[in-house]
Amino acid sequence: MRLQIFDADYTTSEGLEVKLFGKNSEGVYKIKDTNFKPYFYAIPDNDVTKLIEDIEDKDFETEDGEKLEIVEFQKTERKDGQKKIEAVKIFADIPADISKLKNALWSLESVEECREFDIPFYRRYLIDKNIRPGSWVEIEGVEKNSGDFKKVIELEEIKAVDNDEKLNWNSLAFDLEVIDEKVVMASFYSEDFQKVLSIKQTKQDFVEKVENQEELLKRFIEIVEENNTDILLGYNTDEFDFDILRETADQTGVKLNLGRNGERMKFNRRGRFKGARIKARMHLDIYPFVTHVLAPGLDSETLDLDSVAEEMIGLNKDELEWGEMKQIWRNDGDLEKFAKYALKDSEITYKLGEQTTPQIMEMSKITGLIPFDTCRLTYGQLTENYLLREAYSRNILANNRPSQKKRRNRDQEQAYAGGFVYTPEEGLYENVAVFDFRSLYPTVMVSHNISPDTLNLEECSDRFELEEFDYDFCQDQQGFFPELVEDLVSSRYKLKKEMKNYCEESQEFKNIYNRQQAQKILANSFYGYLGYGGARWYSRESAEATTYLGREYIKDAIQIAEEMGFEMTYGDTDSVMLRKDDLEEHLDEFLDAVNSELPDFMELEFEGLFKRGFFTSKESGEGAKKKYALIDDENNLKITGFEQVRRDWSPIAKDTQEKVLQKVLENDIDAAVEEVKDTIKALKSREVDVEKLKIYTTLTKPPEEYANTAPHVEAAKKAKEKGEEIKPESTVDYVITRRGKSISEKAKLTKYAETYDSDYYVDNQVIPVALRVLKVFGYTEDELKGKGRQSGLGQF
DNA sequence: CTTGACCGGGG
DNA sequence: GTGTACGGTCAAG
C-alpha cells in the first residue's frame, strides 16, 4: 500500500510501539511498528575492545540504583566530520532509558564521549527509515482491526517511493471569541463548511446557538470529527485558543477528545512555547511559522493576523475594535456584526492556510519533520533537522547539542564582523541601478569549501588560508555544508527553470514554487546556523570567514564599478547601487566585468532600475546606513528603515513621513514641506482626529507590577484610579495630553484624554520624522514650524 | 556602554 | 518525553 505519513508518535504501554499515521485516497491509516529499537553511540577513548569488554562485563545502573539493560550493541564505523572513527551502537529497551544509559556509559574510562542520544525517538525513526512527511511511502504489513481508522496495520516493511499522485487534505480553520474569560463564539471555515457556534442567538443561518460552554465544547469536538479534519488551522491557537479551550474543558468536565483515535489534546512543552498536539490530525498554528520562517520575507512590521493576511493574500479582518466587541456582547448590541467578524477571522485563517500549508508540507518533505514540528520550529531547528537527515545518509555522526555552559560561552564570544555597508552621501539621486549577488553567503561557502569539517584539518594537501585569521579550510574534499548548499542551489536552479513552463496560476507552478522556496530558505539558513550558539555544527570560524569573503567580493565589485566610471551610491552586504550617464547602456558591461572575476558558482545579478533614490544622514551629518527610499518608473515606493515602516510611532507621524518621502521622490520638495506645515497647522488648531494620535502598547501584567515607568503603564494606572478595569494582557491606546510634566505623566488612555499636547505631537513625532527627510534639503525645525525664513536653500 | 526588563500573537 | 529552545528594543544604571 502507498500512503503519505503525516504524524508520528510512540507508546510503551504494551511494549515499544512506533505509531505512524498516514493517508492515501482511500482514507487514513494507523501503522504500528514494534521492530525499531532506540539507540545511541559510544565513542571509545582509544581502544574499542576495552569498551566492548566493559559493555559485556559491567552492570549499569542509574544514580538512584535503577538497573539498566543494554539489549544489544554493534561495533560500527562512522564518520566524525571527514574522519573515520569506530563507534559502538548501543540499543536500549525504551527511549527513556537512552539518556540514563548514556550517562552511565559516558562515565566509563573506556568511553571518550556519547553521540546522538538526544534525538526524539519518533524523529529518529523517521530519519532512519527515510520517511518524509509529504512524500510517499510503500508499506507492507498485516491488517488488524479497524476502529477509528480505515485500517490498522502491523508494519513489516516501509520504504520511500516516488509518486506524483496529489493528496487532498481536509483543512478546517477555527477561531474563538472570548469575552470575560468565557468562550462566546467559535467559528469554523473550510471550502464547504462554515459555521459559528454562539452562546447568543443571531438571525444568520451560519450561526448555531449553543446553551453553554459545555455544549460549545462538545459541538466543537463533533465538528472537527464530522469534517474528517486532517489539518486544523489557527492563528496563535497554541498560546491562546487551546489554552482557553483546555481551561473551559477543565471547568466543565468535558474531555477534549480531539484526536482521531479519540485521544485528548495535549500540550507539548517546548522551551517557552507550547504546542497543542492532536493525535492523527495536524494542528497547524500558522503564527509560529510566520514568526520563525516567513517574517524575514515580509514587509509588515507586526505579525498579527490582519497585517499578515493583508500582505500575503490581500485580505483583511472585519473592522471591529476590542472595546466595541465587549460593548456589543455585554449589551446585546449588533450581534450579527460580531458573528460575521468571527466567521471572517476563520475565513482569512483558512485562506492563509491555503497558502502556508503547502509551504509547510514542502519544508516537511525536505527536513523530514512532521508538519506539526515544521510549523513551530525556528530556522535554526529546521536547518538542524535537515542536517541530521543528511548526516545520517552520509554515515556522519551528528555533533551533540551544546551544554548550557558551552552555549553561554559561545554567545559571549566577541561578535565577528558582518556584511559591508557603504556609507552613502545624503541626497536625492536620479537614475539608480541596483545589483546584487545571487545568494552571496551560500555561494561563498561553496566556492571556498567553507565548512566545519574542512576547518583546520590535520592532514590536508591544499589549504585555503585566510591571512586575517589563523585558520584554514581544506580543499581536498568537498565539505558537508558546501555539498548540501551546492545540491540545494543546483536543484533550485533546475526547479526555477521548470517553473517557467507553467502559468503562475497553475497548481504545478505553485508546487514547484513552494519547493524551490523551501530550498532557498534552507540554503540561506546555513550561514546563520554556523554562527548560532545553539547549533550542533556551530563553527564560528566558518561563519566569520563567510562574511569576511562576502565583504571582499562586494568591495571588489565596488572597485570595478568605480574604475568603470560609475558613481557608487550605496551598498549593503550583497548589493550595490550605482549611477552613471547613459546608465542603461553600461549595465551588462559592468555585470560582465564583475562576473568574469568571480568563482564559477558566484554571480552578480541586475536587480532593477530606479528613477530616483533618497538617502538621509545621521545627527552627525554622516550618511545614514540602512535608511533609504527608492521610486521606480511606475512610482512604486520602496522604503527601508524609516520610522514610517516602524510600529512605535503615532499614525500622524508615520503618515506624514510617507507623504513627505513620496513628494521628495517625485522631486517636489516644496510640496513635501507643505505636507509638514499643513500637518503642524492641523495639530495646532486641534483639527486632528484622535485616532491619528493614538499610540498602542500591550500591558502584560497589572500596571502596578511594572518596575519602570513607561507612558502606557502610567496611562493605565491613571485609568485604574478612575475605576477603570485594567486587565493584564490588554492592549491600551493612549494619547499624550497637556497635563503633566514628563511624557509618562501626560499619557492618558484615549478615552480619558480631553486634550492633546499638540507640542508633543509636533516636536516629538511629526517634526523628527519629517526632518529625517527634509534636513537633507537644508530645512530646519524652525523653518518647518514656519518660524524661520526659508533662506539658504539655494543648493537645491 | 552595559544590563535587565519587556514584548510578541490572541480576545 | 532520547525533553525544557528567542531575539530585538528600550530605559535605567
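Letters A, B, ... are given to chains in the order of the sequence lines, protein chains preceding strands, and every chain is numbered from 1.
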statement: Side-chain contact check for A:Arg407: nearest option of B:dG9, C:dG7, B:dG11 is C:dG7

message: Which nucleotide wins on minimum distance to the side chain of A:Asp118, given the candidates C:dG1, C:dG3, B:dG11?
response: C:dG3

- request: Indicate whether OP1 or OP2 belonging to C:dG1 is found under 4.0 Å from a side-chain N or O atom of A:Asn268.
  value: yes

task: To the nearest Å, give me how far apart NZ (A:Lys266) and P (C:dG3) are.
output: 18 Å

- line: Looking only at B:dG10, C:dG3, B:dG11, the nucleotide nearest the A:Met325 side chain is B:dG11

task: Using the C1' atom on both, measure C:dG8 against C:dT4 and round to a whole Å.
output: 23 Å

field: A:Asp93 CG - C:dG1 P separation (whole Å)
entry: 21 Å

- prompt: If we take the C1' atom in both B:dG9 and C:dC6, what is their distance in whole Å?
  reply: 14 Å

query: Using a cut-off of 4.0 Å on non-hydrogen atoms, how would the nucleic acid contact of A:Ile179 be classed: base, sugar-phosphate, or nothing?
result: nothing

- request: Check the angle between the aromatic planes of A:Tyr39 and A:Phe91 and answer parallel, tilted or perpendicular using the 30° and 60° thresholds.
  value: tilted

- line: From the candidates B:dG11, C:dG3, B:dG10, the one with an atom nearest any side-chain atom of A:Leu305 is B:dG10

message: What is the separation between atom CG on A:Asn385 and atom P on C:dA5, rounded to the nearest whole Å?
response: 16 Å

Would you give me the side-chain donor-acceptor pairs under 3.5 Å for residues 273-291 of chain A, sequence neighbours excluded?
unit_1	atom_1	unit_2	atom_2	d
A:Lys274	NZ	A:Glu239	OE1	3.2
A:Lys274	NZ	A:Asp243	OD1	3.4
A:Lys274	NZ	A:Asp243	OD2	3.4
A:Arg277	NH2	A:Asp7	OD1	2.8
A:Arg277	NH2	A:Ala8	O	2.8
A:Lys279	NZ	A:Asp9	OD2	3.0
A:Lys279	NZ	A:Glu263	OE2	3.1
A:Arg281	NE	A:Leu258	O	2.7
A:Arg281	NH1	A:Thr229	O	2.9
A:Arg281	NH2	A:Glu225	OE1	3.0
A:Arg281	NH2	A:Leu258	O	3.4
A:His283	ND1	A:Ala276	O	2.7
A:His283	ND1	A:Arg376	NH2	3.1
A:His283	NE2	A:Thr237	OG1	2.9
A:Asp285	OD1	A:Asn236	N	2.7
A:Asp285	OD1	A:Tyr287	N	3.1
A:Asp285	OD2	A:Thr237	N	3.1
A:Asp285	OD2	A:Asp238	N	2.9
A:Thr291	OG1	A:Tyr287	O	3.4
A:Thr291	OG1	A:Pro288	O	2.9

query: Aromatic rings A:Phe174 and A:Phe220: how do their planes relate, parallel, tilted or perpendicular, breaks at 30° and 60°?
result: perpendicular

- prompt: How are the rings of A:Tyr386 and A:Phe526 set relative to one another: parallel (under 30°), tilted (30 to 60°) or perpendicular (over 60°)?
  reply: tilted

- prompt: Rounded to the nearest Å, what distance is computed from the CD atom of residue A:Gln404 to the P atom of nucleotide C:dG3?
  reply: 13 Å

task: Classify the nucleic acid contact of A:Leu176 as base, sugar-phosphate or nothing, counting any heavy atom under 4.0 Å across all strands shown.
output: sugar-phosphate

- prompt: Can you list the residues that meet the side chain to side chain donor-acceptor pair (under 3.5 Å) rule with A:Tyr529, with sequence neighbours excluded?
  reply: A:Glu384

message: At a heavy-atom distance below 4.0 Å, what parts of residues 32-42 of chain A sit against DNA chain C?
response: A:Tyr39

- prompt: Got a salt bridge between A:Asp93 and A:Lys37, using NZ or NE/NH1/NH2 to carboxylate O under 4.0 Å?
  reply: yes

- prompt: Aromatic rings A:Phe36 and A:Phe121: how do their planes relate, parallel, tilted or perpendicular, breaks at 30° and 60°?
  reply: tilted

- prompt: Taking only side-chain nitrogens and oxygens of A:Lys317, does any of them come within less than 4.0 Å of OP1 or OP2 of B:dG11?
  reply: yes

- request: Just compare B:dG11, C:dG3, C:dA5 and give me whichever is closest to any side-chain atom of A:Arg269.
  value: C:dG3

message: Just the rounded figure in Å: distance from C1' of C:dG7 to OH of A:Tyr532.
response: 11 Å

- prompt: Over how many whole Å does the gap from A:Lys274 atom NZ to B:dG8 atom C1' extend?
  reply: 14 Å

message: Need one value for A:Asp345: base, sugar-phosphate or nothing, where a base atom within 4.0 Å counts as base even if backbone is also close, heavy atoms only.
response: sugar-phosphate

- prompt: In whole angstrom, what separates A:Gln327's CD from B:dG11's P?
  reply: 18 Å

message: In this structure, how many angstroms lie between the P atom of B:dG9 and the CZ atom of A:Phe289, rounded?
response: 17 Å

query: Under 4.0 angstrom, heavy atoms only, what part of the nucleic acid is A:Arg123 near: base, sugar-phosphate, or nothing?
result: nothing

- prompt: Going by distance alone, is a donor N or O of one side chain under 3.5 Å from an acceptor N or O of the other, for A:Tyr538 and A:Arg410?
  reply: no

Touch class at under 4.0 angstrom, heavy-atom based, for A:Asp238 against every strand present: nothing

